[in-house]
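See below for the structure under consideration.
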Protein chains: 2
Amino acid sequence: MKKLEERILQDGNVLGENILKVDSFLTHQVDFSLMKEIGQVFAEHFRDTGITKVVTIEASGIAPAVYTAEALNVPMIFAKKSKNITMTEGILTAEVYSFTKQVTSTVSIAGKFLESSDKVLVIDDFLANGQAANGLIKIIEEAGAEVAAVGIVIEKSFQDGRSLLEAQGQTVLSLARIDRFENGKVVFREADL
Amino acid sequence: MKKLEERILQDGNVLGENILKVDSFLTHQVDFSLMKEIGQVFAEHFRDTGITKVVTIEASGIAPAVYTAEALNVPMIFAKKSKNITMTEGILTAEVYSFTKQVTSTVSIAGKFLESSDKVLVIDDFLANGQAANGLIKIIEEAGAEVAAVGIVIEKSFQDGRSLLEAQGQTVLSLARIDRFENGKVVFREADL
């Protein structure tokens with residue numbers, strides 16, 4: 001997605017070896033206009049595939065996911081990273097390690113929101129080691145639902161998340177694919193959409 | 001907001017003394033259509049007041065906030081509940097106690113996203129004891145920006161959040177105001193919008 005790549009080049013900051021900070025439009029301050037276009041690009045691709053739900057994980061996945069859900073006219077569910085006292089029963093969980101935050105967290109979705117007839121599009125802001133997406137896929141499959149594909153806003157293609165997911169037979173579609181960081185600059189490889 | 005009240009009566013679940021669970025359209029599964037209308041209602045009210053930013057707190061505030069931001073054509077910023085290693089400097093923080101999760105967390109916003117010229121609309125999904133909104137207001141004022149108002153999706157009017165905020169001179173506008181729970185049913189008082 002050309003516009004996303006241009007925005008990353010313009011406003012993204014490379015920190016250290018493998019961190020890209022995009023807090024001015026995606027992970028902290030949110031540009032609704034770009035999120036809306038991202039949702040439309042995902043939806044356009046999946047228009048006639050019978051997607052019934054969009055699933056993401058709090059918090060940075062929510063904006064792109066809700067616009068994708070809007071464009072597909074289906075509900076969006078965001079998985080929780082911590083347990084809440086109002087989540088009482090029928091909770092599906094998976095353990096997820098975050099390399100960015102250096103903590104393992106239990107990701108959960110209330111089972112009542114996923115049915116075996118559901119065809120789910122997983123959306124997330126970043127794909128690096130694939131741990132978050134993998135946790136969501138486990139939960140969706142535990143509910144007996146089908147994962148149609150994993151849609152990613154920014155993929156770090158030099159980490160092994162994509163191959164981890166593809167090895168399980170999942171389809172990964174990324175709007176921006178980062179091949180490497182070179183002298184603090186982002187170098188892309190060809191994106192999927 | 002009539003439509004929101006109807007949805008709360010239809011799909012909300014009262015748990016115990018003072019918890020309303022609205023996980024089928026707001027706090028876990030998200031109805032983008034209702035969120036979009038919520039954003040439009042807030043935006044309509046604030047149309048000519050010069051709002052420059054919408055600020056919320058992760059995670060359930062993000063969907064209503066991003067649609068409010070879209071309808072007002074301004075950026076949205078979601079405050080973080082935990083520190084992230086990519087947040088490095090110029091971070092404004094406030095301590096927030098969550099009665100629902102029974103933990104104190106440090107809420108933070110990168111100072112670079114708030115300027116003294118900003119006029120900020122704070123949006124949140126719930127107002128109960130006012131701790132989260134109060135933390136956001138502290139951060140916004142620390143940045144030298146102005147809080148125009150606090151827009152709330154669901155206010156628990158039997159808790160003291162609203163009076164806490166109003167005592168500080170803040171304007172609170174709630175789309176649904178819960179007067180009390182009676183035999184497990186929600187009883188509203190007149191909403192602000």
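The model shown is predicted, which means the values in this text are computed figures rather than measured ones. Just so it is clear: chains get the letters A, B, ... in the order the sequence lines come, proteins before strands, and each one is counted from 1.
- Leu34(B) does not touch chain A: none of its heavy atoms, backbone or side chain, sits under 4.5 Å away.
- Each of Val30(A), Asn73(A), Ile62(A), Asp31(A) has some count of heavy-atom pairs under 4.5 Å with chain B, and the biggest count is that of Val30(A).
- Residue Val54(B) does not touch chain A at all, counting heavy-atom pairs closer than 4.5 Å.
- Looking at Lys112(A), its side chain never comes within 3.5 Å of a backbone N or O of Gly90(A) through a donor-acceptor pair.
- Between Phe32(A) and Tyr67(A), the ring center distance fails the sub-6.0 Å criterion.
- Of the residues considered (Ser98(B), Ser33(B), Ser24(B)), Ser24(B) shows the highest number of contacts with chain A, using heavy-atom pairs under 4.5 Å.
- Centroid-to-centroid, the aromatic rings of Phe113(B) and Phe78(B) stay 6.0 Å apart or farther.
- If you measure heavy-atom distances from Leu72(A) to chain B, you find no contacts under 4.5 Å at all.
- For Ala79(A), the part lying under 4.5 angstrom from a heavy atom of chain B is the backbone only.
- Defined by atom type and a distance below 3.5 Å, a donor-acceptor pair is missing between the side-chain atoms of Gln170(B) and Asn134(B).
- For Val74(A), the part sitting under 4.5 Å from any heavy atom of chain B is the backbone (N, CA, C, O) and nothing else.
- To the nearest 0.5 angstrom, Leu26(B) atom CG is 5.5 Å from Ile154(B) atom CD1.
- Residue pairs meeting the salt bridge (charged side-chain N to carboxylate O under 4.0 Å, His left out) criterion with at least one partner in residues 117-135 of chain B, sequence neighbours excluded, are Lys53(B)-Asp118(B).
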